[in-house]
Chemist: 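Please see the structure below; I have some questions.
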There are 4 protein chains.
Amino acid sequence: MSHQLPEPIPAESPAAHGTARALRADARRNRERVLRTAQQLFAQEGLGVSLDEIARRAGVGPGTVHRHFPSKEALYLAVSIDQLERLVAEAAALAAGGDPAAVFTLLSRMMADGAENSTVKSALTAAEFDLRTAAPEVATDLTGYVTELLDRARTAGLVRDDVTADEVMALVAGAFAAIRHADAHADPARAARIGGIILDGIRPRSR
Amino acid sequence: MSHQLPEPIPAESPAAHGTARALRADARRNRERVLRTAQQLFAQEGLGVSLDEIARRAGVGPGTVHRHFPSKEALYLAVSIDQLERLVAEAAALAAGGDPAAVFTLLSRMMADGAENSTVKSALTAAEFDLRTAAPEVATDLTGYVTELLDRARTAGLVRDDVTADEVMALVAGAFAAIRHADAHADPARAARIGGIILDGIRPRSR
Amino acid sequence: MSHQLPEPIPAESPAAHGTARALRADARRNRERVLRTAQQLFAQEGLGVSLDEIARRAGVGPGTVHRHFPSKEALYLAVSIDQLERLVAEAAALAAGGDPAAVFTLLSRMMADGAENSTVKSALTAAEFDLRTAAPEVATDLTGYVTELLDRARTAGLVRDDVTADEVMALVAGAFAAIRHADAHADPARAARIGGIILDGIRPRSR
Amino acid sequence: MSHQLPEPIPAESPAAHGTARALRADARRNRERVLRTAQQLFAQEGLGVSLDEIARRAGVGPGTVHRHFPSKEALYLAVSIDQLERLVAEAAALAAGGDPAAVFTLLSRMMADGAENSTVKSALTAAEFDLRTAAPEVATDLTGYVTELLDRARTAGLVRDDVTADEVMALVAGAFAAIRHADAHADPARAARIGGIILDGIRPRSR
DNA sequence: AATGAATGAGCCTTCATTCAT
DNA sequence: CATGAATGAAGGCTCATTCAT
């Protein structure tokens with residue numbers, strides 16, 4: 001939402017004839033294609049994939065990739081932000097509902113996402129490029145929702161008193177890594193068990 | 001005969017103290033230096049660091065790195081194995097003692113190591129190069145000790161019945177990632193808290 | 001549609017003359033330049049020349065060489081095949097004519113080529129990389145024509161009965177080496193004399 | 001003979017005690033070993049072989065190779081000269097006999113040598129390093145004998161009037177290449193046939 | 001005099017980025 | 001705006017040569 005692309009104010013556009021509009025639609029389609037392709041390839045092969053490969057698979061020239069994403073880092077961040085935004089949308093929906101255990105739903109969902117698509121993991125882990133610096137708002141948005149849901153669960157006695165939202169986020173990143181390490185990508189039951197153990201860790205020690 | 005150590009007229013030698021007996025020691029020192037430098041740089045910057053950079057920082061030529069470690073993978077594996085071997089040694093010591101809670105000690109130690117030096121994490125995660133293939137014995141040894149200590153703890157009722165050694169190892173890898181994600185490398189207390197939450201997850205739900 | 005040639009408003013185009021239609025022509029020119037430079041340098045210095053040197057002398061970057069010829073072997077083969085194809089064309093033309101002595105014309109021509117440009121020699125010698133494997137058709141074509149012309153000459157009593165096409169080819173390679181060894185590259189008369197001696201060897205002992 | 005190694009005048013040697021003599025014998029044995037190994041490897045693999053490989057196979061350290069042959073070129077030239085010297089010896093023996101056809105014997109022998117051991121070929125071809133510059137005397141010696149034997153054969157009407165010793169040498173180099181090209185190294189009969197054709201070329205056209 | 005570790009220039013190749021068309 | 005050719009700075013690795021022992 002607050003992260004729209006830098007768009008040259010379509011209303012005021014000096015060239016409002018048909019062809020320009022068509023091109024812009026094309027451009028957007030290309031951008032989308034590159035983004036999607038990059039997401040897949042980053043997920044499958046890691047950050048090592050070359051931009052040429054991404055361009056080839058997206059069916060565009062390398063120059064086109066560059067026009068939309070001026071550097072590899074920019075593309076990587078765009079992919080990450082894209083994924084985060086989806087999570088934020090889910091978090092918002094859960095926050096709108098009244099379930100006190102919604103944090104667990106959200107966290108499970110995050111873990112599952114990460115298990116399937118390790119780019120989310122990378123996105124959150126932000127190991128190589130700094131997502132928090134580049135797109136502070138989305139990250140903040142997500143943390144905000146997690147905080148809200150966490151507080152709600154705490155009030156209901158469903159999570160330990162001493163655990164913070166930051167730590168919970170870190171644990172999600174940890175769950176990704178754990179699932180990945182156990183090669184449990186493809187075994188949802190096993191991935192769920194590992195994620196479950198970590199979630200159990202944030203539950204209160206029962207009396 | 002012709003291969004005797006070339007002793008430059010021992011009587012007249014200007015430096016007759018112990019330090020003179022180097023050479024092969026020098027080679028070993030270089031190897032050690034490269035290994036240590038690589039450990040640091042891999043930990044700090046990831047596998048992306050160039051061998052030339054490692055050589056430069058170790059104060060040797062690129063060829064020297066190559067002499068000791070004929071490929072980047074070989075160097076990486078050497079670093080990983082080196083670290084694993086230390087863990088195995090610790091695990092052995094703990095197994096020799098009788099503490100039923102020794103798993104927790106070992107796991108805490110592993111997590112702390114990983115927090116300080118994410119190469120251990122990489123070593124365990126073995127994402128890029130396959131450690132399990134290259135040095136199966138060390139990895140097996142470690143798993144063996146973990147299994148032993150885990151069983152002992154289970155017998156004492158200190159861990160859940162349903163958790164396996166593989167999962168525990170995966171959780172350690174997850175803890176590394178979580179600690180790293182929380183930027184808690186440098187904050188031992190925080191790292192300990194995060195690690196603690198994960199360890200709590202493998203404890204039995206108390207009665 | 002979206003992939004049409006981007007014609008920058010043809011009506012207003014400042015340069016509407018023929019010369020503007022380059023680009024792909026540029027690429028082809030570069031390819032040609034690299035090929036020619038490689039031919040020369042391989043001929044002068046052997047396969048030892050570095051690709052960087054070839055690039056430098058062709059006035060392009062090393063990457064450009066790589067784009068057109070993905071490996072040194074590929075470049076070498078391209079050079080060789082290029083030369084062979086010219087020979088095959090000549091052989092075809094000679095085969096089309098009716099001269100029973102055409103073999104000698106062809107062989108002389110091959111020797112002269114080799115004298116000027118020892119890459120042909122390398123191409124035929126195929127010492128380092130295997131041309132016969134990589135481009136079997138061209139090599140086969142050439143041998144085919146030689147066989148045909150040789151048979152024709154034999155029928156006319158112009159060559160010994162016992163000499164085969166393979167041996168003739170080998171002798172051509174030998175002539176290259178002989179001419180090269182005598183430093184007769186630049187002295188056509190001398191090169192011709194040496195080549196002539198070898199050709200005389202395949203003529204029947206007269207009676 | 002005139003090409004003996006630079007030997008520090010044994011008679012005047014300041015250190016004439018036993019150990020020095022023993023060591024010198026060792027050194028000579030090493031030199032011989034390296035030379036022989038280099039000969040083999042150059043012949044089998046070409047100039048591409050590394051000095052380390054030569055050292056390893058000769059059972060000495062790389063430093064030892066360097067002590068005897070200060071550069072790769074020096075080693076290569078030493079190998080070549082060594083081979084040439086053997087040819088010169090043979091040529092001298094043939095010149096001492098009275099056979100007018102001795103040139104053919106010598107040339108056949110040279111071709112056979114080259115077929116078996118392409119270093120001789122390289123030595124004569126002197127493609128990469130310039131043998132004629134580095135060791136003019138041996139080359140001159142050989143050419144001298146060839147000239148002598150050639151003249152004698154010419155007088156006896158066994159060779160064409162117009163062929164020179166230089167050309168004959170070049171043809172020998174050509175024969176090496178031809179034999180090599182025909183893959184006839186291992187097929188002496190075939191190699192002989194190819195060599196024979198070339199020799200026939202220098203015979204007078206029979207009346 | 002031999003050893004073999006160290007050096008470092010250079011090789012082939014890759015790839016993010018720029019730019020002419 | 002898209003294209004894709006060109007660029008050129010690394011990267012990993014090799015190897016002739018030097019040098020401490």
Side-chain angles (χ1 to χ4, degrees), chain A residues 19-20 23-24 26-27 30 48-53 55-56 60-68 70-73 75, chain B residues 2-8 20-28 30-31 48-53 55 60-68 70-73 75, chain C residues 2-8 15 20-31 48-53 55 59-68 70-73 75, chain D residues 19-20 22-24 26-27 30 48-53 55-56 60-68 70-73 75:
Chain A
T19 46
L23 279 171
R24 180 145 289 153
D26 239 48
N30 270 343
V49 273
S50 77
L51 293 187
D52 281 17
E53 175 73 7
R56 212 176 50 71
V60 304
T64 302
V65 172
H66 253 269
R67 159 162 295 271
H68 291 298
S71 75
K72 191 173 196 174
E73 175 163 355
L75 174 56
Chain B
S2 56
H3 301 290
Q4 70 214 353
L5 288 186
E7 208 136 279
R21 195 157 58 301
L23 187 55
R24 192 146 251 160
D26 237 46
R28 186 153 304 179
N30 268 343
R31 203 196 117 97
V49 272
S50 79
L51 294 185
D52 282 17
E53 174 72 8
V60 303
T64 301
V65 173
H66 213 74
R67 159 174 288 269
H68 292 297
S71 74
K72 192 172 195 176
E73 176 164 355
L75 174 55
Chain C
S2 56
H3 299 291
Q4 70 214 353
L5 289 186
E7 207 136 280
R21 196 154 59 299
L23 189 55
R24 191 147 252 160
D26 238 47
R28 187 152 302 178
R29 183 147 53 240
N30 268 342
R31 203 195 116 96
V49 271
S50 80
L51 294 186
D52 281 18
E53 175 71 7
V60 303
T64 300
V65 173
H66 213 72
R67 159 173 288 268
H68 292 297
S71 74
K72 191 174 195 174
E73 176 165 354
L75 175 56
Chain D
T19 46
L23 280 173
R24 180 144 289 156
D26 238 49
N30 271 344
V49 273
S50 77
L51 294 185
D52 281 17
E53 175 72 6
R56 211 175 50 71
V60 303
T64 302
V65 173
H66 254 268
R67 159 163 295 270
H68 292 299
S71 73
K72 192 175 195 174
E73 176 164 354
L75 174 56

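Numbered from 1 within each chain, the chains take letters A, B, ... in sequence-line order.
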Chemist: Grab the CD-C1' distance between C:E73 and E:dT13 for me, whole Å please.
Modeler: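 Result: 15 Å.
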Chemist: Any side-chain N or O of A:N30 less than 4.0 Å from the OP1 or OP2 oxygen of F:dC1?
Modeler: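 Checking A:N30 against F:dC1: no side-chain N or O falls below 4.0 Å of OP1 or OP2.
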Chemist: Can you sort out the partners of D:R67 under side-chain hydrogen bond (donor to acceptor under 3.5 Å, both in side chains), two or more places apart, ordered by chain and number?
Modeler: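 With sequence neighbours excluded, D:R67 shows a side-chain hydrogen bond (donor to acceptor under 3.5 Å, both in side chains) to no residue whatsoever.
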Chemist: Within this structure, what is the NE2-to-P distance between D:H66 and E:dA6, rounded to whole angstrom?
Modeler: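 It is 17 Å, rounded to the nearest whole Å.
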Chemist: Output the single nucleotide from E:dA2, F:dC15, E:dG8 whose closest atom is nearest the side chain of B:P62.
Modeler: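 Nucleotide nearest to B:P62's side chain: E:dG8.
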Chemist: Specify the separation, in whole Å, of atom CZ of B:R67 and atom C1' of F:dC15.
Modeler: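 In whole Å, F:dC15 C1' lies 11 Å from B:R67 CZ.
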Chemist: To the nearest angstrom, how far is A:R56 atom CZ from E:dA16 atom P?
Modeler: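 Interatomic distance, CZ of A:R56 to P of E:dA16: 14 Å.
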Chemist: Taking CG from C:D26 and P from F:dT3, how many angstroms apart are they, rounded to a whole number?
Modeler: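 Those two atoms, CG and P, are 20 Å apart.
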Chemist: Who passes side-chain contact (heavy atoms from CB on, under 4.5 Å) against D:H68, sequence neighbours left out?
Modeler: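 If we apply the side-chain contact (heavy atoms from CB on, under 4.5 Å) test to D:H68, skipping adjacent residues, the hits are D:A27, D:N30, D:R31, D:T64.
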Chemist: So if I take every side-chain heavy atom of D:L51 and compare against F:dT17, E:dA16, E:dA6, which nucleotide ends up nearest?
Modeler: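 Comparing F:dT17, E:dA16, E:dA6 against the side chain of D:L51, the answer is F:dT17.
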Chemist: Which string of ( ) [ ] | and . matches DNA chain E, if you list each base 5' to 3' and count Watson-Crick or G-U pairs only when both distances are under 3.5 Å?
Modeler: .||||||||||||||||||||
Chemist: Where the side chain of A:S71 is defined as all heavy atoms beyond and including C-beta, which of E:dA2, E:dT17, F:dA16 is the nearest nucleotide?
Modeler: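 Ranking E:dA2, E:dT17, F:dA16 by closest atom to the A:S71 side chain puts E:dT17 first.
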Chemist: What is the distance from atom OG of D:S50 to atom CZ of D:R56, rounded to the nearest 0.5 Å?
Modeler: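 Here the rounded value is 8.5 Å.
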Chemist: Between C:R29 (CZ) and F:dA6 (P), how many Å, whole number?
Modeler: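 Interatomic distance, CZ of C:R29 to P of F:dA6: 10 Å.
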Chemist: With a 4.0 Å limit, can you tell me whether B:H68 has a side-chain N or O closer than that to the phosphate oxygens OP1/OP2 of E:dA6?
Modeler: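 Answer yes for this pair, as a side-chain N or O of B:H68 is under 4.0 Å from OP1 or OP2.
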Chemist: So, taking the atom named NE2 in A:H66 and the one named CG in A:L51, what distance separates them when rounded to the nearest 0.5 Å?
Modeler: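 With rounding to 0.5 Å, NE2 (A:H66) is 5.5 Å from CG (A:L51).
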Chemist: What integer distance in Å separates A:E53:CD from F:dG4:P?
Modeler: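 Between P of F:dG4 and CD of A:E53: 15 Å.
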Chemist: Return the value, rounded to whole Å, for the distance between atom CG of B:D52 and atom P of E:dG8.
Modeler: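 Whole-Å distance recorded here is 12 Å.
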Chemist: Check every strand shown and say whether B:V49 touches a base, only sugar-phosphate, or nothing at a heavy-atom separation below 4.0 Å.
Modeler: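 The residue B:V49 makes sugar-phosphate contact but no base contact.
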Chemist: Please tell me which of C:V60 and B:S50 maps to the more 5' nucleotide of DNA chain F, matching each residue to the nucleotide holding its nearest heavy atom.
Modeler: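 First, find each residue's nearest nucleotide; the 5'-ward one identifies C:V60.
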Chemist: Could you please name the option among F:dC15, F:dC13, E:dA5 that lies closest to any side-chain atom of B:K72?
Modeler: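 So the nucleotide nearest the side chain must be F:dC13.
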Chemist: Using a heavy-atom cut-off of 4.0 Å across all strands, would you classify D:T64 as base, sugar-phosphate, or nothing?
Modeler: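 Result for D:T64 = base.
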